[in-house]
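Data block below; observations after.
Numbers restart at 1 for each chain; the letters A, B, ... are given by sequence-line order, proteins then strands. These figures come from a predicted structure and were not determined experimentally. Keep in mind that the numbers below use all heavy atoms, side chains included, and drop hydrogens, waters and symmetry copies.
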2 protein chains.
Amino acid sequence: MGKGSRTRGLGARHEERRRQIAEALLAMINLHGLDAVSLRDVAARAEVSLGAVQHYFRSKDEMLLFALNYISERGTERVRQSLGQEGQPPRAALRRILAELVPADDQRRAELRIATAFTARSLVSPELAGHLRAGYDSLHEVLALLIRHAQDAGEAPADLDPGRAAAALFALADGLGTHVLIGHGTPETALAVLDEHLDRLFATAP
Amino acid sequence: MGKGSRTRGLGARHEERRRQIAEALLAMINLHGLDAVSLRDVAARAEVSLGAVQHYFRSKDEMLLFALNYISERGTERVRQSLGQEGQPPRAALRRILAELVPADDQRRAELRIATAFTARSLVSPELAGHLRAGYDSLHEVLALLIRHAQDAGEAPADLDPGRAAAALFALADGLGTHVLIGHGTPETALAVLDEHLDRLFATAP
């Protein structure tokens, strides 16, 4: 967000370098964990100067924030692309977004490891916590909106509280994702649990 | 576990010191975050020697493991005490255990901050991950067992898969707890979401 204009004209090279550094950072965190990664390592892996890396982040917290923003954009883009076709019902969109929270492949696994590191650090950094909370709040809003759309389309029961139902779905997917990440359960069972919950949620009242 | 025998006889003083160090550690982590806490700080706060602290843990990872074991025991004890009265239906027991994952007061908040730090660190430490996974597996088993009891008592639908239902409840409570911890939602709404889920789960089929 806000960076979109930079991708045009001269900004394209800038965006390419940003992507390059972000990918190097994600790979390093994934391999060695956040604590073991230095700005110098990231510069070496991205094959850019230390100064170029410092343009994007100077501390561990800024590094995490940079990584979190990058993976959020990437996740949003994946959802946008998969929903690009016309005529996607709200439930499919909900399911698509929630599935992003389950580490079903290496890319999502790396992303969710970073999100977990970010969560832990935000507990002792009010600034990081603010960023995280804003992200959670806006994702929650999107989920509630989709549930409202489903209600309008007659897909979901009208007496459902969209905010409450969204909070449950979000927490469930987030919890399942963390469980898979630590090796408690598989992506397959996590997605099955999620689908069951969606089934119950979308079942019209008897 | 395994330490139970030490509480008798001479071991009582040992247990008292262990408790003292654990409380100091929890207070320090809660105040300053895990990264900022040293063994020396813990010794000073617990008013014991550095050697006494080193008897229990020598590294950050051992410190976390010690803290995690301590809070697990404390949580288990709280659940045991609140369920001590005869005639508690399985649903009440389930609810009581799951509510431990929601930071509804300062003590649980401190405990869950530590659990979150532990989760993040276990992603880069296979040894810590093993401990965490074992804890998750056994909690999942307890939840599934209670759901089976509820089915036997006619409280829950017979066609429910206890393992699957336990996985959903566990992930939901865990996710809600993390959300409250980072300031997304309140303990009250989290518990309400949990109760709604239990209501749906325990509703006998139409």
More than 12 heavy atoms from other groups under 6.0 Å of [atom1] on [X]:
{"X": "A:Glu47", "atom1": "CD", "result": "no"}
{"X": "A:Arg17", "atom1": "CZ", "result": "no"}
{"X": "B:Arg58", "atom1": "CZ", "result": "no"}
{"X": "A:Glu16", "atom1": "CD", "result": "yes"}
{"X": "A:Asp106", "atom1": "CG", "result": "no"}
{"X": "A:Gln54", "atom1": "CD", "result": "yes"}

Applying a criterion of heavy atom separation less than 4.5 Å, what residues of residues 135-148 of chain A form contacts with chain B?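 Residues A:Tyr136, A:Asp137, A:His140 are the ones that qualify, each having a heavy atom under 4.5 Å from chain B.
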Tell me, for B:Phe118 versus chain A, whether the close heavy atoms (under 4.5 Å) come from the side chain, the backbone, both or neither.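 Answer is neither: B:Phe118 stays 4.5 Å or more from chain A.
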Quick check on B:His184 against chain A: is it the side chain, the backbone, both or neither that has a heavy atom closer than 4.5 Å?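 Both parts, backbone and side chain.
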Might you point out which heavy atoms bring B:Ala117 and A:Ala120 nearest each other, and give the distance in Å?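 Shortest heavy-atom separation between B:Ala117 and A:Ala120 comes out as CA-CB, 4.4 Å.
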Would a 4.5 Å heavy-atom cut-off, applied to side chains only, mark [X] and [Y] as touching?
{"X": "B:Arg200", "Y": "A:His197", "answer": "yes"}
{"X": "A:Val124", "Y": "B:Arg113", "answer": "yes"}
{"X": "B:Thr116", "Y": "A:Leu123", "answer": "yes"}

Side chain, backbone, both or neither: which part of A:Ala36 has an atom under 4.5 Å from a heavy atom of chain B?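 Neither part, no heavy atoms under 4.5 Å.
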Rounded distance [0.5 Å steps], CG in A:Leu132 versus CD1 in B:Ile182: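 Reported value, rounded in 0.5 Å steps: 4.0 Å.
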N/O donor-acceptor pair under 3.5 Å between A:Arg164 side chain and B:Val193 backbone: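 Checked: no pair found.
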